[in-house]
Protein chains: 2
Amino acid sequence: MNIGDAAKASGVNQKMIRYYESIGLIGYVARSANGYRTYTESDVHTLAFIRRARRLGFPIERIQALMALWRDKRRSSAEVKAIARGHIDELQAKIEELAEMRRTLEHLVASCAGDDRPDCPILDGLSAQTEAADPRPAGPASRRGGAPGGA
Amino acid sequence: MNIGDAAKASGVNQKMIRYYESIGLIGYVARSANGYRTYTESDVHTLAFIRRARRLGFPIERIQALMALWRDKRRSSAEVKAIARGHIDELQAKIEELAEMRRTLEHLVASCAGDDRPDCPILDGLSAQTEAADPRPAGPASRRGGAPGGA
DNA sequence: GCTTGACCCTCCCACCATGGGAAGCCCTAT
DNA sequence: ATAGGGCTTCCCATGGTGGGAGGGTCAAGC
């Protein structure tokens with residue numbers, strides 16, 4: 001199997017296959033006399049594994065760990081589970097971050113008339129927000145003289 | 001105000017301020033005789049605007065559009081609202097994508113004992129998944145001859 | 001005057017994962 | 001022989017963010 005066939009069979013495109021090889025995610029693959037990479041069914045299996053892990057959002061680094069366990073027939077499932085849980089937590093954190101953005105933005109959108117007039121609480125919010133989330137007092141400006149010793 | 005003060009006052013760090021200038025998000029800023037960038041209160045205001053928009057996840061390109069409307073006193077709030085809605089939709093799409101990953105992963109994790117034994121449905125799922133979500137039949141391999149024409 | 005330290009400048013590099021494209025070799029079919 | 005498709009490597013770009021090198025500038029203190 002040349003790289004094109006491996007790409008089709010695994011669902012990972014050629015560029016990515018070469019990239020994964022270059023960063024050491026998969027070992028150097030065998031080459032035929034003309035220098036073409038040649039792939040076995042097993043290689044394709046590995047690539048498909050990577051693809052599915054990527055689709056679940058695992059970063060390359062974590063996939064490396066997963067693959068090590070995958071190959072290690074004496075692993076404990078607890079180790080795998082721990083990695084997966086860690087990733088779930090990261091997904092969750094990102095989801096919450098995005099959801100928080102969405103919430104804030106929805107509030108702004110809800111208070112905006114959305115008509116022909118220029119008055120727009122969205123822009124007002126962006127340009128002079130109260131920064132309620134910030135733990136700093138942030139006085140009414142004009143305090144630009146005595147730097148208390150900041151960062 | 002030099003760049004350091006502007007950074008402190010706006011919450012955007014120096015690197016980013018220079019970057020925003022270099023990509024044209026903010027216009028070229030005035031320079032003093034020694035070549036230092038000098039910022040006005042208005043510049044700081046703009047930077048703070050950018051920072052808040054970034055915090056809401058707006059990409060630079062959209063921020064550019066927002067700033068144009070911000071400066072245009074004759075804009076209609078509908079335009080602003082449309083941009084914000086578009087961004088909300090994108091946030092939502094990302095959230096759903098991540099949530100779908102999380103759901104799948106949670107199913108796998110739930111079915112994994114997480115003990116000392118090597119048996120692990122998580123790895124099994126990654127290595128031989130049924131690909132139920134894919135609309136392709138994906139026969140039992142060995143169909144490697146007749147490419148239907150796809151990219 | 002000289003040193004010290006804080007500040008500023010530009011330029012290069014890295015991240016993560018993905019992809020585009022060029023220049024050139026290899027193989028097969030006509 | 002020529003066309004075409006596949007393969008190779010190498011460079012570049014993305015979006016934002018940041019690190020760091022190497023050097024100029026300014027103000028304060030001695």
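Computation of the quantities below employed the complete heavy-atom set of this structure, encompassing side-chain atoms and omitting hydrogens, waters and symmetry-equivalent molecules. Residue numbers begin at 1 in each chain, while the letters A, B, ... track the order of the sequences.
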Pull out every residue in residues 92-103 of chain B that has a heavy atom closer than 4.0 Å to any atom of DNA chain C, ordered by number, or say none.
-> none
Can you tell me which residue pairs pass the ring-ring contact (aromatic ring centres under 6.0 Å, His included) test with a partner in residues 70-100 of chain B, sequence neighbours excluded?
-> His45(B)-Trp70(B), Phe49(B)-Trp70(B), Phe58(B)-His87(B)
Could I get the full list of salt bridge (Lys or Arg N to Asp or Glu O under 4.0 Å) partners for Arg103(B), not counting sequence neighbours?
-> Glu100(B)
Return each pair, listed once, that meets ring-ring contact (aromatic ring centres under 6.0 Å, His included) where at least one residue sits in residues 5-33 of chain B; pairs must be two or more places apart or across chains.
-> none
From CD1 (Ile122(A)) to CD1 (Ile83(B)), nearest 0.5 Å | 9.0 Å
Side chains of Asp5(B) and Tyr39(B): closer than 4.5 Å at any heavy-atom pair?
-> no
Distance (rounded to the nearest 0.5 Å) between Thr46(A) OG1 and Ile26(A) CD1 | 8.0 Å
For nucleotides 17-30 of chain C, read 5' to 3', which letter fits each nucleotide if B means a protein heavy atom sits under 4.0 Å from the base, S means only the sugar-phosphate is that close, and - means neither?
-> BBSBB----BS---
Would you give me the side-chain donor-acceptor pairs under 3.5 Å for residues 60-68 of chain B, sequence neighbours excluded?
residue	atom	partner	partner atom	Å
Arg62(B)	NH2	Glu90(B)	OE1	3.3
Arg62(B)	NH2	Glu90(B)	OE2	2.3
Gln64(B)	NE2	Gly24(B)	O	3.2

Using a cut-off of strictly less than 4.0 Å, decide whether Arg18(B) has a side-chain nitrogen or oxygen near OP1 or OP2 of dC9(C).
-> yes
Residues pairing under salt bridge (charged side-chain N to carboxylate O under 4.0 Å, His left out) where one sits in residues 106-120 of chain B, two or more places apart or in two chains, turn out to be Asp115(B)-Arg117(B)
Residues at least two apart in sequence or cross-chain that pass side chain to side chain contact (heavy atoms under 4.5 Å, CB included) with Ala7(A), listed by chain then number, are Gln14(A), Ile17(A)
Take the C1' atoms of the five end pairs on each side of the helix from dG1(C)-dC30(D) to dT30(C)-dA1(D), derive the two axes, and give their angle rounded to 10 degrees.
-> 40°
Taking any atom under 4.0 angstrom from a heavy atom of chain A, which nucleotides of DNA chain D are the first and last to qualify, 5' to 3'?
-> dG6(D) to dC10(D)
Can you tell me how far OG of Ser77(B) sits from CG of Leu69(B), rounded to the nearest 0.5 angstrom?
-> 10.5 Å
Among pairs that include at least one residue of residues 68-88 of chain B, which meet salt bridge (charged side-chain N to carboxylate O under 4.0 Å, His left out), considering only residues two or more places apart or in two chains?
-> none
Excluding sequence neighbours, so at least two apart, what forms side chain to side chain contact (heavy atoms under 4.5 Å, CB included) with Ser32(B)?
-> Asn34(B), Tyr36(B), Thr38(B)
